[in-house]
Amino acid sequence: QVQLVESGGGLVQAGDSLRLSCAASTRAFSSYTMGWFRQALGKEREFVAAITWSGTDTKYADSVKGRFTISKDNAKNTMYLQMNSLKPEDTAVYYCAARFRNYITYDPHDYRYWGQGTQVTVSS
């Protein structure tokens, strides 16, 4: 069983930055592909970014490419999402997720473990 805990959300203004963190309970953290998803009010959960367990491959949604950066520190069992140039449309609950495979998929159903989510609100 893997437990994931997100932190770092908050209320910011458009153009500001935030860094989300996802701490994992497993010692096998380096064996998981990790992803960030988000869900805005009334919308389906959508892919934001993901990184393979080796860290050699990353993927981003087109809507965040060039503004968000995903990274992971296997020594700290922690994944990060650096979010710059935030926009009001980035407002959502952000979830981290993990899957025990060394390749990235965009479908949230492919990820077995989930955190409880952290709210990000961007005001205009």
* Asked: Quick one: CD on Q39 to CZ on R45, what's the gap to the nearest 0.5 Å?
  -> 5.0 Å
* Asked: If you measure only the distance, is there a donor-acceptor pair under 3.5 Å linking the side chains of S17 and N84?
  -> yes
* Asked: Checking side-chain contact (heavy atoms from CB on, under 4.5 Å) for the pair D16/M83: CA distance, chi angles, key distance, verdict?
  -> CA-CA 8 Å; D16 287 349; M83 306 186 295; over 6 Å; no
* Under the side-chain contact (heavy atoms from CB on, under 4.5 Å) criterion, do F68 and L81 qualify, and how do the steps go? -> CA-CA 7 Å; F68 291 11; L81 185 68; 4.1 Å; yes
* To do: Measure up the F47 and F37 rings against each other and bin them: parallel (under 30°), tilted (30 to 60°), perpendicular (over 60°).
  => perpendicular
* So, does T118 use its side chain to make a donor-acceptor pair with the main chain of G9 at under 3.5 Å? -> yes
* Asked: According to the interplanar angle, ranging from 0 to 90°, do the rings of Y95 and W114 count as parallel (below 30°), tilted (30 to 60°) or perpendicular (above 60°)?
  -> perpendicular
* Asked: Is the backbone of V2 close enough, under 3.5 Å, to the side chain of S25 for a donor and an acceptor to pair up by distance?
  -> no
* Output yes when K87 and D90 qualify as a salt bridge under the 4.0 Å nitrogen-oxygen rule, no when they do not. => no
* Counting only heavy atoms not in K65, do more than 12 sit closer than 6.0 Å to its NZ atom? -> yes
* To do: Look at the side chain of T33 and the backbone N and O of R101, then say whether any donor-acceptor pair between them is shorter than 3.5 Å.
  => yes
* Short side-chain to backbone donor-acceptor contact, Y111 and T105, under 3.5 Å -> yes
* May I ask you to decide if D110's main-chain N or O and R99's side chain share a donor-acceptor pair within less than 3.5 Å? => yes
* **Non-neighbouring partners of W53 that pass ring-ring contact (aromatic ring centres under 6.0 Å, His included), sequence neighbours left out** => none
* To do: Locate the shortest heavy-atom distance separating L20 from V120; write the atom from each residue and the value.
  => CD2-CG2, 4.0 Å
* Exam field: side chain E6 to backbone Q116, donor-acceptor pair closer than 3.5 Å -> yes
* Enter the distance from R67:CZ to S85:OG here, rounded to the nearest 0.5 Å. => 7.0 Å
* Asked: Looking just at side-chain N and O atoms, do Q119 and T121 make a donor-acceptor pair shorter than 3.5 Å?
  -> yes
* **Residue pairs passing the disulfide bond (SG atoms under 2.5 Å apart) test where at least one lies in residues 81-124, sequence neighbours excluded** => C22-C96
* After noting the C-alpha distance and the side-chain angles of I51 and D57, does the key distance pass the side-chain contact (heavy atoms from CB on, under 4.5 Å) rule? -> CA-CA 6 Å; I51 185 167; D57 190 23; over 6 Å; no
* side-chain contact (heavy atoms from CB on, under 4.5 Å) between Q3 and Y113: does it pass, once the steps are laid out? -> CA-CA 7 Å; Q3 292 185 333; Y113 302 105; over 6 Å; no
* Out of curiosity, Y80 OH to S7 OG, how far, rounded to the nearest 0.5 Å? -> 9.0 Å
* Structure fact -> T69 meets the side chain to side chain contact (heavy atoms under 4.5 Å, CB included) criterion, sequence neighbours left out, with Y60, Q82
* **Short side-chain to backbone donor-acceptor contact, S63 and A61, under 3.5 Å** => no
* Kindly indicate, with the supporting measurements, whether the criterion side chain to side chain donor-acceptor pair (under 3.5 Å) is fulfilled by R38 and Y94. => CA-CA 4 Å; R38 67 186 182 186; Y94 283 70; 2.9 Å; yes
* Should I70 and W36 count as side-chain neighbours, where that means a heavy-atom distance under 4.5 Å? -> yes
